[in-house]
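Note that this is a predicted model, so its numbers are computed, not measured. Residue numbers start from 1 in every chain, and the chains themselves are labelled A, B, ... in the order their sequence lines are given, proteins ahead of strands.
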Protein chains: 2
Amino acid sequence: MTAIDSSRQRSARNGGSERAEHLAGLIMALARREGMKAGDRLIEQRLADALDLSRAPIRLGLKALEAAGLARGEPHRGFVLAKNPTSGAAQPALAAIRRSEQVYANIAGDVLASRLPFDVTEAELMRRYDLSRAELQRLLDRIAAEGWIARLPGYGWRFAETVSSPKAQAKAMAFRAVIEPAAIAQPDFMLSQEVIARLRERQQRLLEGELEKMTIGEIYHSGCEFHEQIIRGAGNPFFIEALRRVNAIRRLFAYRSFTDRDCMRRHIREHLRLLEILEAQQYAEAAELLAKHLQRPLVQGVS
Amino acid sequence: MTAIDSSRQRSARNGGSERAEHLAGLIMALARREGMKAGDRLIEQRLADALDLSRAPIRLGLKALEAAGLARGEPHRGFVLAKNPTSGAAQPALAAIRRSEQVYANIAGDVLASRLPFDVTEAELMRRYDLSRAELQRLLDRIAAEGWIARLPGYGWRFAETVSSPKAQAKAMAFRAVIEPAAIAQPDFMLSQEVIARLRERQQRLLEGELEKMTIGEIYHSGCEFHEQIIRGAGNPFFIEALRRVNAIRRLFAYRSFTDRDCMRRHIREHLRLLEILEAQQYAEAAELLAKHLQRPLVQGVS
DNA sequence: GATTGTATATTGTTGCCTAAAAGAACAATC
DNA sequence: GATTGTTCTTTTAGGCAACAATATACAATC
């Protein structure tokens, strides 16, 4: 009896297909990043590869998209985007992801505002955020992967000083100002023309209007990707890893940081300038420009 | 019936108090790092704080130490070290830790030698290393925390390219050669006299003979601690975090790297020289020396 | 005043089971 | 030849109950 009750409660809470909606959101977000338009085909295997999943879950997501009117499917012909991923109609699908991030964001906020102690027990978190053990488990795994919480040897977890320190944001930028230019200055740094072209194209799309349609989160993500791609040229995974980690934590601050579109526009123009110099293989100069780019204090939120 | 069987099997495998022995090992290792001698008191609360545990598990460890003849306890007077932690008698306790690391080391070796594919499922690992789900879980958590494996969105885990790349070791050193000097060069770098004194004392103890009594793993650990303490002076947790991460991965290689005690001795003398310069607060010079120190290729295993 | 001893409450683990999700292989279709 | 539809197997998640480990508070002792 209790088993039946709990399963009923569960499916009620999930509304039947939370997972599918989540997957739909992932697909839509990907389509957006890739700059796809209404009418483009959504090829299962390609989506699966891009999202590191198999076709089965992709399928679920596609069906959910169809149900939401964002994709059209015909038998044996697969699915096609019905709306531009940047249009307002696509918002609800993306919201599904956002909803699942709710608790995560709450915790992040509470830590940043010191409403949570350094050391916490799982039971405490379960109570406080009304989570099942499994849900919390996944959440903690994720946060641990992002590097701002770690298991204690005994019971409980401890938040990293990286998040709890009041000056974390400035520290993060100082760290980036060291590793990013240094990566470019590595002796075997190299960025292929194709990569440069792709990066340039994306930055230009932003300037040509897409910036206005994006959420803060997406703008932040796009900025991170740009920098990561550049750093990737050093061919040293440790630089990339380190940058990813800083960015994961900076993201926690991102939501609250002041963002002015003009400022961003200037920022993106600097990105384009950097690409020019990199294309000319003037790496020393590029490193210098990047260092300056990162020391600009006003643009912490989106660089 | 099955329940009884499995629990019997379990306690047989554990030999009754594996955990206690493990704790004993931790205490002994700590005593060793702290340079304690036979006759020193083992104060429960202090040990608990140092190991991030409460007194209860410490107690267990102390009793195990007593059972092994490494500590002596009297009622209401607590425990006292019975042997020097560097003596041969202390070895068995430390071995308990090493034993528990067996599977971890196996996996590390298999990954480094490409005997494991990039992507693996939990079930595969459970079969391969004969682990229960829970044991594997903890192991994966730890490896994930060290940053060389990550969950895939669907089933399975993926090893980081940081480990699998053949040039990982060189890349790791290149990364350190960037962040460590840069940390010292940070405008607000500062290292207190006490810290310098403590570090110096420890390095000197090594030169005065302790080096010979240490295992490769301990030597490696000691080197990492030295560098981490130095970097800590920058007051920027991101530098520390990044260094920790590189070191965690370098440790995987450490066991196989050639180590020559003379070479180490030279290395430690460089550490002492660095401390001198830091004490004089000549930070620019110190950064330069550290950069050189890290570019020396022969000593990768222990710097 | 600091430290240890002891009792008690809290917390996390483990094993088992069922259900759900994902992956893989192959046939059908464009 | 690529892509989709379908089926089947494998893998993981979720929930529960008993259990073991850990934390905490307070009294006793040095």
Is any side-chain N or O of B:Arg41 closer than 4.0 Å to OP1 or OP2 of C:dT3?
-> no
What integer distance in Å separates B:Leu136:CG from D:dT12:C1'?
-> 12 Å
Using a cut-off of less than 4.0 Å, is there contact between a side-chain N or O of B:Arg59 and OP1 or OP2 of C:dT6?
-> no
Closest-nucleotide ordering on DNA chain D, the 5'-leading residue of A:Glu74 and B:Gln137 = A:Glu74
Considering only NZ, NE, NH1 and NH2 on the basic side and carboxylate oxygens on the acidic side, decide whether B:Glu218 and B:Arg33 come within less than 4.0 Å.
-> no
Can you check the A:Arg158 CZ to D:dA23 P distance for me, whole Å?
-> 11 Å
Side chains of residues 64-85 of chain A: which donor-acceptor pairs under 3.5 Å do they make with residues two or more places apart or in other chains?
{"unit_1": "A:Glu66", "atom_1": "OE2", "unit_2": "A:Gly73", "atom_2": "N", "d": "3.1"}
{"unit_1": "A:Asn84", "atom_1": "OD1", "unit_2": "A:Ala38", "atom_2": "N", "d": "2.8"}

B:Leu51 CG to D:dA23 P: how many Å, rounded?
-> 11 Å
For A:Tyr220, is the NZ or CZ atom of A:Arg251 found under 6.0 angstrom from the centre of its six-membered ring and inside 45 degrees of the ring axis?
-> no
Identify the two heavy atoms, one from B:Arg128 and one from B:Asp110, that lie closest to each other, and give their separation to 0.1 Å.
-> NH2-OD2, 3.6 Å
For the pair made of CD1 in A:Ile43 and P in D:dG1, what is the distance, rounded to whole Å?
-> 17 Å
Atom CG of A:Asp49 and atom P of D:dT3 are separated, to the nearest Å, by 11 Å
Picking from A:Arg32, A:Met28, A:Glu34, what satisfies side chain to side chain contact (heavy atoms under 4.5 Å, CB included) with A:Leu30?
-> A:Glu34
Nearest nucleotide by nearest heavy atom, which residue falls closer to the 5' end of DNA chain C, A:Gly154 or A:Leu53?
-> A:Gly154
Rounded to whole Å, CG of A:Leu60 lies from P of C:dA20 at a distance of 13 Å
SB check B:Arg151 B:Glu122 (cutoff 4.0 Å) = yes
In B/S/- notation (B base, S sugar-phosphate only, - none; protein heavy atoms under 4.0 Å), nucleotides 24-30 of chain D written 5' to 3' is -B---SS
Find the distance A:Glu135:CD to D:dG15:C1' and express it as a whole number of Å.
-> 12 Å
What nucleic acid atoms does A:Leu125 come within less than 4.0 Å of, heavy atoms only: base, sugar-phosphate, or nothing?
-> nothing
A:Thr121 vs C:dT10: side-chain N/O to OP1/OP2 distance below 4.0 Å = no
With a 3.5 Å cut-off and just heavy-atom distances, do the side chain of A:Tyr155 and the base of C:dT11 make a donor-acceptor pair?
-> yes
From D:dT11, C:dT13, D:dT22, nucleotide with atom closest to B:Arg127 side chain = D:dT11
Rounding to a whole Å, what distance do you find between B:Lys63:NZ and D:dT22:P?
-> 14 Å
Touch class at under 4.0 angstrom, heavy-atom based, for A:Ile58 against every strand present | nothing
Pick base, sugar-phosphate or nothing for A:Glu124, based on heavy-atom distances below 4.0 Å to the nucleic acid.
-> nothing
Report yes if at least one side-chain N or O of A:Arg46 is closer than 4.0 Å to OP1 or OP2 of D:dT4; otherwise report no.
-> no
Check whether any side-chain N or O of A:Arg151 sits under 4.0 Å from OP1 or OP2 of D:dT22, and answer yes or no.
-> no
Does B:Arg19 put a side-chain nitrogen or oxygen below 4.0 Å from OP1 or OP2 of D:dT22?
-> yes
Ionic contact status for A:Glu146 with A:Arg142, cut-off 4.0 Å | yes
Salt-bridged, B:Glu194 to B:Arg198, with N to O below 4.0 Å?
-> no
